[in-house]
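Everything quoted here is computed from the prediction, not taken from an experiment. Note that these values count all heavy atoms, side chains included, but never hydrogens, waters or copies made by symmetry.
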Amino acid sequence: MSLPRTPSSPTTSAETGDGTAAQTGTLVRAARVWADADPDPRTRAELLADLAATTAGDEAARERLAGAFAGPLTFGTAGLRAALGPGPNRMNRLVVRQAAAGLARYLLDVADGAWTPRAVIGFDARHNSAVFAADSAAVLTAAGIETLLLPAALPTPVLARAVRRLDADAGVMVTASHNPPQDNGYKVYLGGRASDETGRGAQIVSPVDAAIAERIRAVDPATVPMADDGWTVLAPAIADEYRAGVVALSRPELFPPRAVTITLTPLHGVGGDLMRAVLSDAGFGAVHLVPEQAAPDPDFPTVAFPNPEEPGALDLALAAAREQGADLVIANDPDADRVALAVAHEGDYRVLTGDETGALLGAHLLDRWQRERAAAAPAARSNPAGPAPVFANSIVSSRLLSRIAEAAGIEHRVTLTGFKWITRTPGLTFGYEEALGYCVDPAAVRDKDGISAGLLAAELAADAKADGRTLVDVLEDLSVRHGVHRTRQLSVRVTDLGLLDAMMGRLRQTGPTAFDGSAVVVAVDLAAGEAVPGLAPLPPTEGLYWVTEAGNRVIVRPSGTEPKLKCYLEVVVPAASRTDVAAATARAEASLDAIVADLQALLELPS
């Protein structure tokens, strides 16, 4: 049985009469065929209920059907991500089987009979993640792919490490990361013989995404062959190996203090036990999990949105930290590939921004390298065995890391947004993006990893505490050396994706001449592939980039995963001493306020 093509978009209110009836008929027929093929009794029952209500004239049910069948999900560099539910525009078992079959076809085409491709599959604890992973294993095995399945719900970085550790040609992680509980996703990595060395174990990029998407579109999900067995479920040792590798990143011989009290929350995700074990193995004994959020729970009952960046997400962790007298709060997102930090400060807690944590981790890794060189024998000091560090961050992240690298005389690169680009930096030692993603061990995990980053943050916090300082003090020292770097985001959510194009078009046509009274001296259309002064050439990407005479920067781009226009602002203000940092920060925040007002006027938004 072949699933029919479905309407490409829901019927608009302008469609009436026979046209509406005809489109509804097409929609109902497509839904019936899908229901017949659906192997999941829950999504099938949901679809049949909406079908019955639609044929009875229920407009709300008809709109749900139209949304579910509004064309297939788009497979791109982020793989697939959507709400769970029936139909080709939702995440469900048929869509996952189709995606797995398309990926298998791509791997077989790349191998071209010369070798048998190998794939490893991981999954988190979200609704249906384990089912989607098992279905993927059955599809890949039936297609002739050597298939390895992680033994339990585990963090995304465990899967990313397994791709390299097992020399797999592809990796699949079933996760929607920090999305709401009703979502799930399908993330693809390439490695082994299907990738070059720079991208081995990294997320896919163009044109690979288009090549896989083409093969997915050619698959009829109702007829995908499924194996009953034949794949290998990996032993729990795969997680133990990851744990040992992360612990080995800690350097107690260089940073012996471990006397910090840590409050830890996995936000109902899969990272809690592993993060706590890593900290314990590395010598951090005073680690306390937030009990209400310690166990994996796909409904995320204590948070409105399981994203540590969202307001309120850390409320329980901060309350627990106050009770425990914690020095540091570590919060992972549900699949533990990201980490947020909060530090005891002036009688309460200060939540660090992603850029602040990125600067701290970069400075710490640089300090480690410098201490290693100082501890080496004189001959090794003049001719060190290892290469100098290479730092990288996304173009929308702060420029502070580049200032740190420049002052130390080491290489720094700016990449497009996303770890699929950051981890392809040649010789990378440390990379980050402002959205709480950090890669501190690219040789093992070619992706962001909230567990290894959390460990190094604890190491830095303990070292600072031993000197009577906190991470805020370390940040203030960086501000004196390199200037106060304050960043902010302005996000404009839309209901009509066409508005994003309209707003970008307006900015291109009548772009800004100044921000906060400072003239724009650099204006770059990133989509045109124009060079950004001072940066290495970047592939074309949708976005606009401005720098003012005062050195302030504004970047505007549509989100790649949400219906949002995202504006990234950065203001830099010199600080002559630690006592001047507070005043410089206030000046920077006032300038950010003014730039936000300028952008709102340009975009014709209410203030």
Side-chain angles (χ1 to χ4, degrees), residues 1-75 79-99 126-129 131-132 135 174 176 179-186 216-217 219-224 298-301 304-306 493-500 561-564:
M1 173 175 56
S2 177
L3 294 180
R5 299 292 179 184
T6 56
S8 60
S9 62
T11 306
T12 67
S13 59
E15 292 173 312
T16 58
D18 292 342
T20 300
Q23 192 167 41
T24 298
T26 300
L27 187 62
V28 166
R29 287 191 295 274
R32 284 175 176 158
V33 173
W34 188 279
D36 287 341
D38 193 342
D40 188 328
R42 287 174 295 183
T43 49
R44 185 172 185 273
E46 180 183 340
L47 185 54
L48 289 173
D50 277 343
L51 267 170
T54 297
T55 55
D58 185 329
E59 183 58 26
R62 184 193 178 284
E63 288 180 3
R64 286 195 296 272
L65 276 188
F69 286 82
L73 284 180
T74 301
F75 183 92
L80 298 170
R81 194 176 293 185
L84 293 161
N89 199 35
R90 301 286 183 261
M91 284 296 296
N92 53 66
R93 294 180 70 180
L94 282 178
V95 165
V96 165
R97 291 177 180 187
Q98 182 182 30
R126 282 181 175 266
H127 291 296
N128 263 14
S129 286
V131 174
F132 291 165
D135 277 359
V174 181
N179 274 37
Q182 64 268 24
D183 290 0
N184 214 325
Y186 203 79
I216 291 172
R217 287 192 297 270
V219 173
D220 178 2
T223 60
V224 173
D299 293 318
F300 308 109
F305 202 95
R493 185 175 287 275
V494 299
T495 54
D496 179 1
L497 291 177
L499 292 175
L500 295 179
T561 57
E562 299 176 275
K564 285 181 179 180

For [X] and [Y], indicate whether the former's side chain and the latter's backbone hold a donor-acceptor pair under 3.5 Å.
X	Y	value
Gln98	Val219	yes
Arg44	Ala35	yes
Asn184	His127	yes

Side-chain contact test, heavy atoms from C-beta onward, threshold under 4.5 Å: evaluate it for Leu84 versus Gln182 and give yes or no. no

Quick one, Leu65 and Arg62 - any side-chain contact, counting heavy atoms below 4.5 Å? no

To the nearest 0.5 angstrom, please state how far the [atom1] atom of [X] sits from the [atom2] atom of [Y].
X	Y	atom1	atom2	result
Leu27	Arg32	CG	CZ	10.5 Å
Arg493	Leu500	CZ	CG	10.5 Å
Thr74	Arg217	OG1	CZ	9.0 Å
Phe69	Arg64	CZ	CZ	13.0 Å
Thr26	Arg29	OG1	CZ	4.5 Å
Leu73	Tyr186	CG	OH	13.0 Å

For side-chain hydrogen bond (donor to acceptor under 3.5 Å, both in side chains), just list the numbers for Arg42 and Asn128, CA-CA rounded to whole Å, side-chain angles, deciding distance to a tenth of an Å, and then say yes or no. CA-CA 11 Å; Arg42 287 174 295 183; Asn128 263 14; 2.8 Å; yes

Sorted by chain and number, sequence neighbours left out, side chain to side chain donor-acceptor pair (under 3.5 Å) with Asp38 holds for Thr43

Where [X] and [Y] come nearest, the two heavy atoms and their spacing:
X	Y	answer
Ala37	Ala222	CB-CB, 3.8 Å
Ala61	Ala53	CB-CB, 3.5 Å
Pro298	Pro181	O-CB, 3.2 Å
Trp34	Pro221	CZ3-CG, 4.4 Å

What pairs meet the side-chain hydrogen bond (donor to acceptor under 3.5 Å, both in side chains) rule with one or both residues in residues 83-94, with sequence neighbours excluded? Arg93-Asp135

